[in-house]
Amino acid sequence: MSGQEAKFRVLRSRAETLMVQSKGVPTDLDYKDVQALVHDLSVHQIQLEMQNDELQQAQLEMQQVRDEYLKLYNHAPTGYISLDEYGIILKHNQTFAAMLGDVGIVAVGMSLGSFMFPDDRDILQGRFKAFFKSPQGKSITARLRRSDGSLSWTQLSGRRDTCLTGSHMVKEVLLLTLSDINKEKLAEEKLLLARDTADAANRVKSEFLATMSHEIRTPMNGILGMVQLLNLTELTEEQQEYLAILKTSGDNLLTLINNILDLSKIEAGRIELERAEFSLRSLLNDLVRSQQQNIESKGLAHRIVIGGDVPEFMFGDQLRLKQILLNLLGNALKFTENGSITVSVAVVEQRKSNLLLDITMEDTGIGMAADILEHIFMPFTQGDGSTTRRYGGTGLGLTISRRLAELMDGSIQVESCEGRGSTFHLLIPFTAADSKEYENCSTETGPGLWDGPFLSVLFVEDDEINTKFGVALLKKMGHMVTCAKNGKEALNALETGRFDLILMDVQMPVMNGDEALAIIREGEKDSGIRQRVIALTAFALKGNREKFIQQGFDGYHSKPIDVDSLVSEMKRVTRTGLSESKGAY
């Protein structure tokens, strides 16, 4: 009974007593006192009724709030569970039941582990202690087993909390929030599948690229090799003219092959950049010198302009830089019939030793209209169809140049005016070097020259044309040559004779060159005498040289064979070999 109700009853009792007394019973109370008392009673009665109405309204509002809370709780987009320290469900919402595939299921009193995929139960069990130790939220990813037996990926986030039990005691519970992440997992699986598919495609592409490189370069070695041999013979003026045309056509075909392979390597992610010190001035001089004949044949003026603040030496990939500039210079030469070509270098920005260079290739050629400038960087695209018919080419040079520049964190921009020439800007970063000495490592020799001691050479090659070329070339140098068609024949030849050098093809029938080399190196463990072997192969992708050297080859030369380069490699390898094994032959 409330205080107001008790007071009201007391007043009512006293009023009734006074009223009786006022009707004849002797009393000391005045009638006015009784009237005042009755008035107080009425006031308290009204207050009590008002409080009762307020209480009923509050109870109604509380019920509405509770209903709204239960509605939100049960229909929340995430599942809610209260667990005790043993993982028993104390309470859950309907969303959790829906996640199990049965809205009507009542999971109170059951273990959460009974609804989980067996492999994930241990994960949740291992997290219980961590959840209870820390009030901060924790989360794991696990799979729920639905009523139809299917699995549902769920992210569970938990934190420690307290609640009142039926006996009004405080108890610690674990509050879990469950989020359906099936869409995210499906997207993740699709991404992983797409990545694996792309990786597999790249592997296939890389294998195809390596195979095509080998298969194309092998016949090209025979063609260009025989051209070089013919050039070492006495020829009439007419024959020299035909041979020059044949060599130019062969070089053009090799350039086309290299461009296609380069583009494929870039797309396959097989291009790796090197970082070495080089002289930019020497690189530009070599670049122009390599095209000197073409420049002079057109009567073009040319010059190299290098800004005074451009360092002499810098670090970067000079081979790729030279490839880009050679493409740009070749493009300028192709489309310039008269006038001049200017190569200039300027520093755009410098921060300590880091430089941003603008290497410009400017010509006075036919130029291009503004609407086709961007198209020229697309594969197999030139200004228009007439350009291809008149000047030739595949339109790959600029595509490769731009992609190589981007790999080097640079860019290529072009300005052109039809009929007035074009200017290509290669913006590319380098690091300045402070070297005071620069060694020119060029090992070029005159065509077919051999100024060292004559060697006994084992030439291992399965292609008949390449064998004829190789044997003829080596004999013209004065060497004694023994031939073998595969690795097994090479091993047989080593049993009956000794050789200063082996030129070994890698991909051959019966036994490959690397297999034969492994047997040779194994036998050297007992003899202590190292046989010098150069890999002479059509495998010419980035990293092949390093791979073959790591396998045990002493040198490497890719096909098609360039006489000067082969002579340099033979000198390098045999000079080391003869000094180490003096008297062994």
For Ile561, does its backbone N or O pair with a side-chain atom of Gln228 as donor and acceptor, under 3.5 Å?
yes

Any donor-acceptor N or O pair under 3.5 Å, side chains Glu515, Asn512:
no

Under 3.5 Å donor-acceptor, Thr342 side chain and Asp363 backbone
no

Closest non-hydrogen atoms of Leu235 and Leu230, given as atom of the first, atom of the second and distance, are CD1-O, 3.5 Å

Smallest heavy-atom separation, Leu455 atom then Asp500 atom, equals CA-OD2, 3.3 Å

Heavy atoms of Ala493 and Leu458 approach each other most closely as CB-CD1, 4.1 Å

Please check: side-chain N/O of Glu312 versus main-chain N/O of Arg281, any donor-acceptor pairing under 3.5 Å?
no

Please answer whether the main-chain N or O of Leu333 pairs with a side-chain N or O of Lys298 as donor and acceptor at a distance below 3.5 Å.
yes

N-O pairing of Glu406 and Arg403 below 4.0 Å
no

Just how far is it from atom OG1 of Thr336 to atom CG of Asn294, taken to the nearest 0.5 Å?
12.0 Å

Any Val460 side-chain heavy atom under 4.5 Å of Glu489 side chain:
no

Measuring from Ile534:CD1 to Phe553:CZ, what's the distance to the nearest 0.5 Å?
10.5 Å

Should Arg530 and Asp554 count as side-chain neighbours, where that means a heavy-atom distance under 4.5 Å?
yes

Is Lys468 atom NZ crowded by more than 12 heavy atoms from other residues, nucleotides or ligands, each under 6.0 Å away?
no

May I ask you to check whether over 12 heavy atoms, not counting those of Gln550, lie within 6.0 Å of atom CD?
no

Gap separating the OG atom of Ser411 from the CG atom of Leu426, nearest 0.5 angstrom
7.5 Å

Measure the NZ-CG distance between Lys559 and Asn466 for me, rounded to the nearest 0.5 Å.
4.5 Å

Determine whether a donor-acceptor pair (N or O, by modelled atom type, separation under 3.5 Å) exists between the side chain of Arg521 and the backbone of Gln531.
yes

Using modelled atom types and a 3.5 Å cut-off, is there a donor and acceptor pairing between side-chain atoms of Arg532 and backbone atoms of Leu501?
no

Rounded to the nearest 0.5 Å, the CE atom of Met504 sits from the CD atom of Glu461 at a distance of 11.5 Å

From Ile341 atom CD1 to Ile304 atom CD1, the distance as rounded to the nearest 0.5 Å:
11.5 Å

So does Tyr242 get a backbone contact from the side chain of Gln240, meaning a donor-acceptor N/O pair under 3.5 Å?
no

If we count only N and O atoms by modelled type, under 3.5 Å, do the side chains of Arg320 and Gln323 hold a donor and an acceptor together?
yes

Side chain to side chain contact (heavy atoms under 4.5 Å, CB included) evaluation trace for Glu464 with Thr467
CA-CA 5 Å; Glu464 185 177 352; Thr467 299; 5.6 Å; no

Are any of the side-chain nitrogens in Asp462 or Lys488 under 4.0 Å away from the carboxylate oxygens of its partner?
no

Between Val343 and Thr360, is a side chain to side chain contact (heavy atoms under 4.5 Å, CB included) present by the stated rule, with each step listed?
CA-CA 6 Å; Val343 184; Thr360 304; over 6 Å; no

Is there a donor-acceptor pair under 3.5 Å between the side chain of Asn231 and the backbone N or O of Val227?
no

When you compare the side chain of Thr537 with that of Gln507, does any pair of heavy atoms fall below 4.5 Å?
no

Passes side chain to side chain contact (heavy atoms under 4.5 Å, CB included), Phe430 versus Met408? Steps please.
CA-CA 9 Å; Phe430 287 105; Met408 299 169 72; 4.3 Å; yes

Just wondering, do Thr431 and Arg275 contact through their side chains at under 4.5 Å, heavy atoms?
yes

Contact check, side chains of Leu229 and Lys476, non-hydrogen atoms, under 4.5 Å
yes

Heavy-atom closest pair (Ser422 atom, Gly367 atom, distance to 0.1 Å) is OG-CA, 3.6 Å

pair Met314-Phe278: side-chain heavy atoms closer than 4.5 Å
yes

So which atom in Met477 and which in Phe454 form the shortest heavy-atom distance, rounded to 0.1 Å?
O-CE2, 3.1 Å

Before giving the answer on side chain to side chain contact (heavy atoms under 4.5 Å, CB included), spell out for Met511 and Ile519 the whole-Å C-alpha distance, their side-chain angles and the decisive distance to 0.1 Å.
CA-CA 11 Å; Met511 181 182 289; Ile519 297 174; 4.0 Å; yes

How about CG on Asn338, more than 12 heavy atoms from neighbouring residues, nucleotides or ligands closer than 6.0 Å, or not?
no

Given Leu328, Val310, Leu325, Ile324, the one that forms side-chain contact (heavy atoms from CB on, under 4.5 Å) with Ile359
Leu325

Side chains of Ser565 and His557, heavy atoms from C-beta outward: is any pair under 4.5 Å?
yes

Using the ring of each side chain (for Trp, its six-membered ring), is His479 parallel, tilted or perpendicular to Trp450, with breaks at 30° and 60°?
perpendicular

Identify the two heavy atoms, one from Gly487 and one from Met508, that lie closest to each other, and give their separation to 0.1 Å.
N-CE, 3.6 Å

Side chain to side chain, Leu398 and Asn327, heavy atoms closer than 4.5 Å:
no

